Structures are given as structure tokens and as C-alpha cells.
Asks: 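Before anything else, here's the structure in question.
For ligands, and for the atoms within them, numbers begin at 1 and follow the listed sequence. Because the structure is predicted, anything quoted here is derived from the model rather than measured.
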Amino acid sequence: MIILGIESSCDETGVAIYDENNGIIANVLHSQIKIHARYGGVVPELASRDHVRRTVPLVREALKIAGIEGQQLDAVAYTAGPGLIGALLVGASVARALAYAWNCPAVPVHHMEGHLLAPMLEDPAPEFPFVALLISGGHTQLIEVTGVGQYQLLGESVDDAAGEAFDKTAKLLGLGYPGGPALADCAKKGRPDIYRFPRPMTNRPGLDFSFSGLKTFAANTIRESDASEQAYADIAHAFQEAVSDTLAIKCRRAITQTGLTSLVVAGGVSANTRIRQRLGELLTDIGGKVYYPRPAYCTDNGAMIAYAGYLRFKAGETSDLSIQARPRWPLTELNAARSD
Ligand code: KG4
Ligand code: ZN
């Protein structure tokens with residue numbers, strides 16, 4: 001079984017091909033960073049237009065890399081949401097049209113399910129059940145996962161997502177877009193224990209997160225600093241420590257509450273080395289194991305869509321001829337995948 005996956009929910013066009021026997025056999029990506037950088041964030045209309053330019057050439061390239069023809073595909077999977085409506089519509093229309101032309105089914109995929117299942121592309125792959133920490137630009141969620149589509153929300157951000165907090169704080173520090181990797185880089189030069197940021201919502205029970213206060217705290221700390229390069233690096237360091245610590249505290253709670261010992265961490269922010277290190281220490285401490293996708297599968301990519309599409313298709317799920325795009329789509333609305 002061979003599935004093509006198309007991702008276009010935000011500022012990356014990703015196309016990949018998953019082969020049931022050989023895994024990911026093609027994975028190509030076009031990032032729009034250069035287009036949006038001058039605006040300091042994603043401009044939705046520019047994103048849509050670039051997806052229009054990139055999607056079909058990337059599909060051609062992926063087929064060439066895999067050495068197959070479109071007619072050999074068993075299904076075409078695409079990100080149907082959540083995301084920017086215009087951007088989603090481009091990938092969905094191209095995917096639906098290609099599936100029609102190649103006479104195979106189309107499979108709409110939930111973007112966050114793609115992120116969540118991406119660690120299963122690695123070896124060793126996590127086995128159900130596990131606790132998942134999804135940390136991306138738009139989401140911060142702790143989920144108890146018992147199977148494909150069996151997601152119980154344990155907690156989530158009540159305001160900014162972790163990635164959003166990284167991006168906004170990076171902007172305050174005058175770092176480029178996207179802010180996450182830039183802030184992580186700047187933090188390397190920071191000295192520990194110069195500043196201490198709060199660990200929001202950790203001194204009360206529960207598994208929800210709140211990161212918007214960290215951005216305000218950063219703004220105040222920046223204002224009171226001498227605005228030197230060293231001070232900014234120290235602030236970036238303290239911010240990153242606060243996010244890492246907060247995530248680790250909540251993960252420990254989620255693990256205790258569920259009694260599970262496997263933690264899966266996915267989404268763009270899971271590419272962060274310090275967060276990985278911190279969660280690694282936690283799981284070693286409690287005798288469990290933490291699973292991540294490789295960095296290329298942490299941020300948006302086609303591989304995770306091809307793989308989630310494969311799992312859904314294998315469970316008998318396809319769509320009619322409609323083009324599906326849902327900008328808002330809670331992960332918990334998904335149905336459990338049928339297993340035979
Ligand atoms: O999963 P993703 O590519 O897109 C969404 O689905 O949102 O996540 C993007 C987010 C951005 O906020 C970006 O700044 C953040 O992931 N990010 C990072 C790192 N790499 C990407 N945040 C912290 N450290 C990183 N190394
Ligand atoms: Zn994403």
C-alpha cells in the first residue's frame with residue numbers, strides 16, 4: 001500500500017510518500033520563511049499563493065524520488081485542518097483533484113493527529129497507550145492516547161501555545177521569524193540563574209497551561225535590562241528554562257495521573273534541544289521512556305500526513321468527492337480508527 005501525503009496548513013508545503021513495506025520513500029518540503037520573515041509572521045494570503053505555486057511541482061518531485069507513477073498510489077492524503085483556510089484549501093483541492101485523476105480515494109487528515117503519530121515513524125516506535133505532549137505554534141496539549149483516534153484531552157493551554165510564546169518572546173528580543181529556533185540559539189549564550197521566570201500554573205492542581213504571562217514577564221525584564229546582547233541571551237535562557245520546567249512538571253503529573261510510562265512529544269517545539277533534554281531526564285527519573293520524531297518530522301511536513309493518512313485509509317476511511325477544509329477542528333472530535 002502506497003500513500004501520498006500533502007501538507008499545506010500554514011507556511012510550509014510538504015509532500016511525502018509512505019510505503020507500507022518501506023516506510024517514507026520520499027519527503028520534500030518548501031518552507032515559506034523567506035516570504036513571511038519581513039512581516040515578522042505568517043501573512044495568510046501570501047501563504048496560500050505560495051502553496052499554489054509549490055504543491056504540484058513538489059508532488060512531481062516526490063513521485064520522481066520514489067520512482068513511481070501517480071497511478072500506482074493507493075490513496076492521496078491531505079491536511080484538512082486545523083490551519084489557515086486559504087492554505088488548507090490549496091492542498092485539499094490539489095489532493096482531491098489528483099486522487100480523482102488517478103482514480104484512487106482521498107483521505108482527509110487532521111494536522112495534529114499527523115504530529116501526534118509522527119513518532120511512530122521512528123524505530124523504536126511507541127506503543128499504545130501513551131501520554132502525548134503536543135507542542136506546536138497553535139497548540140499545547142496533553143493527551144492520553146489509547147489508539148489511533150482514541151484521544152482523551154488531559155490538559156491544554158488556556159491562552160498562548162508554547163510555540164506562540166517562543167515566537168512572541170523572540171520578537172520582543174528582536175530575533176527573527178520563526179522565533180522558536182532563533183530564541184533557542186540565542187539562549188545558548190545565556191548564563192543560568194541570572195533571571196528567573198515564573199512557572200505558570202504549576203502551583204495549583206491540573207494539567208492546563210498558560211504561557212501568555214511569560215511574554216509579559218519577558219517584556220518587563222527586557223525593559224529593565226541594559227539591553228545588551230548578553231542580557232538578551234540571559235533572558236532567552238531564563239525563558240526557555242521556564243517553558244521546559246513547566247512542561248516537565250505537567251508531564252510528570254500526567255504520567256502519575258494516568259499510570260502510563262511512555263511519553264510521546266511532537267509538534268514544532270519538540271525540536272527544541274533543551275526541552276528534549278529536560279523531558280528525557282524526567283522519564284529516566286521515573287523509569288519510563290520518551291519518544292520524539294526526528295527534527296524534520298517535528299515541524300510541519302508531508303511525511304506525518306502520509307503516515308496518518310495511511311493509518312486512516314487502512315482502517316477503511318476515505319472521503320467523497322468534496323474538498324474538505326476545517327480551519328478549526330478539535331482533535332478530540334476524531335473517531336477511533338476501526339481495527340480488524
Ligand atoms: O508544528 P509546527 O511546525 O507548526 C504548527 O503546527 O504550529 O510548529 C511551529 C512552532 C513555531 O512556533 C516555532 O517557533 C516552534 O514551533 N519551533 C521551536 C523550535 N523549532 C520550531 N520552538 C522552540 N525551539 C525550537 N527549536
Ligand atoms: Zn504543525
Asks: Among protein heavy atoms, which lies nearest atom 15 (C) of ligand 1, and at what distance?
Replies: Val269 CG2, 3.9 Å
Asks: Name of the Asp300 N, O or S atom nearest the Zn ion (ligand 2)?
Replies: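 The Asp300 atom nearest to the Zn ion (ligand 2), restricting to N, O or S, is OD1.
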Asks: Measure the OG-CD1 distance between Ser157 and Ile135 for me, rounded to the nearest 0.5 Å.
Replies: 12.0 Å
Asks: Checking a contact table here: which protein heavy atom is nearest atom 24 (N) of ligand 1, and how many Å away?
Replies: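 For atom 24 (N) of ligand 1, the nearest protein heavy atom is Asn272 ND2, 3.0 Å.
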Asks: Using side chain to side chain contact (heavy atoms under 4.5 Å, CB included) as the criterion, point out the one residue from Ile68, Leu98, Asn103 that pairs with Leu73.
Replies: Ile68
Asks: Using heavy atoms and a threshold below 4.0 Å, how should the contact between Asp300 and ligand 1 be classified: side chain, backbone, both, or neither?
Replies: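 Contact part for Asp300 vs ligand 1: both backbone and side chain.
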Asks: Please report whether the ring centroid of Phe130 lies less than 6.0 Å from that of Phe128.
Replies: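 Here the rings of Phe130 and Phe128 have centres that are less than 6.0 Å from each other.
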Asks: Do His115 and ligand 1 have an N or O pair less than 3.5 Å apart?
Replies: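 Yes; the residue has a nitrogen or oxygen that sits under 3.5 Å from a nitrogen or oxygen of the ligand.
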Asks: Side chain, backbone, both or neither: which part of His111 comes within less than 4.0 Å of ligand 1 when only heavy atoms are counted?
Replies: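 Only the side chain of His111 comes within reach of ligand 1.
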Asks: How far is atom 12 (O) of ligand 1 from its nearest protein heavy atom, and which residue and atom name does that atom have?
Replies: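 The closest heavy atom on the protein side is Asp167 OD2, 2.7 Å.
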Asks: Determine, using ring centers only, whether Phe239 and Phe166 are less than 6.0 Å apart.
Replies: yes
Asks: Nearest heavy atom to atom 22 (N) of ligand 1: which of Ala161, Gly138, Gly180 does it belong to?
Replies: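 Closest candidate by heavy-atom distance is Gly180.
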Asks: Only heavy atoms of Gly137, strictly under 4.0 Å: list the atoms of ligand 1 that pass.
Replies: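 Those of ligand 1 that fall under 4.0 Å from Gly137 are 5 (C), 7 (O), 8 (O), 9 (C), 10 (C), 12 (O).
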Asks: Do you see an N/O/S atom of Cys10, backbone or side chain, under 2.8 Å from the Zn ion (ligand 2)?
Replies: no
Asks: Could you tell me whether some N/O pair between Met112 and ligand 1 is separated by less than 3.5 angstrom?
Replies: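 N/O-N/O distance under 3.5 Å: no.
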Asks: Short list, please: which atoms of ligand 1 are under 4.0 Å from a heavy atom of Gly163?
Replies: 12 (O)
Asks: Would you indicate whether Glu333, at its atom CD, is surrounded by more than 12 heavy atoms from other residues, nucleotides or ligands within a distance under 6.0 Å?
Replies: yes
Asks: Compute the minimum heavy-atom distance from His139 to ligand 1 and say whether it is under 4.0 Å.
Replies: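 No; His139 lies far enough from ligand 1 that no heavy-atom distance drops under 4.0 Å.
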Asks: Under a heavy-atom criterion of less than 4.0 Å, does Cys10 contact ligand 1?
Replies: no
Asks: Taking Gln324's backbone N and O only, do any of them form a donor-acceptor pair with Ser322's side chain (distance below 3.5 Å, no angle check)?
Replies: no
Asks: Tell me whether Tyr100 at atom OH has more than 12 heavy atoms from other residues, nucleotides or ligands lying less than 6.0 Å away.
Replies: no
Asks: Please determine if the Zn ion (ligand 2) has an N/O/S atom from His139 lying under 2.8 Å away.
Replies: no
Asks: For Asp19 and Tyr310, what are the C-alpha separation, side-chain angles and deciding distance, and is it a side-chain hydrogen bond (donor to acceptor under 3.5 Å, both in side chains)?
Replies: CA-CA 9 Å; Asp19 174 343; Tyr310 158 73; over 6 Å; no
Asks: Are Asp159 and Ser212 close enough, and set up right, to give a side-chain hydrogen bond (donor to acceptor under 3.5 Å, both in side chains), and what steps lead you there?
Replies: CA-CA 6 Å; Asp159 43 51; Ser212 72; 3.3 Å; yes
Asks: Would a 4.5 Å heavy-atom cut-off, applied to side chains only, mark Leu142 and Glu156 as touching?
Replies: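 Answer no - side chains too far apart.
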Asks: Of the protein's non-hydrogen atoms, which lies at the shortest distance from atom 20 (N) of ligand 1, and what is that distance?
Replies: Gly268 O, 3.5 Å
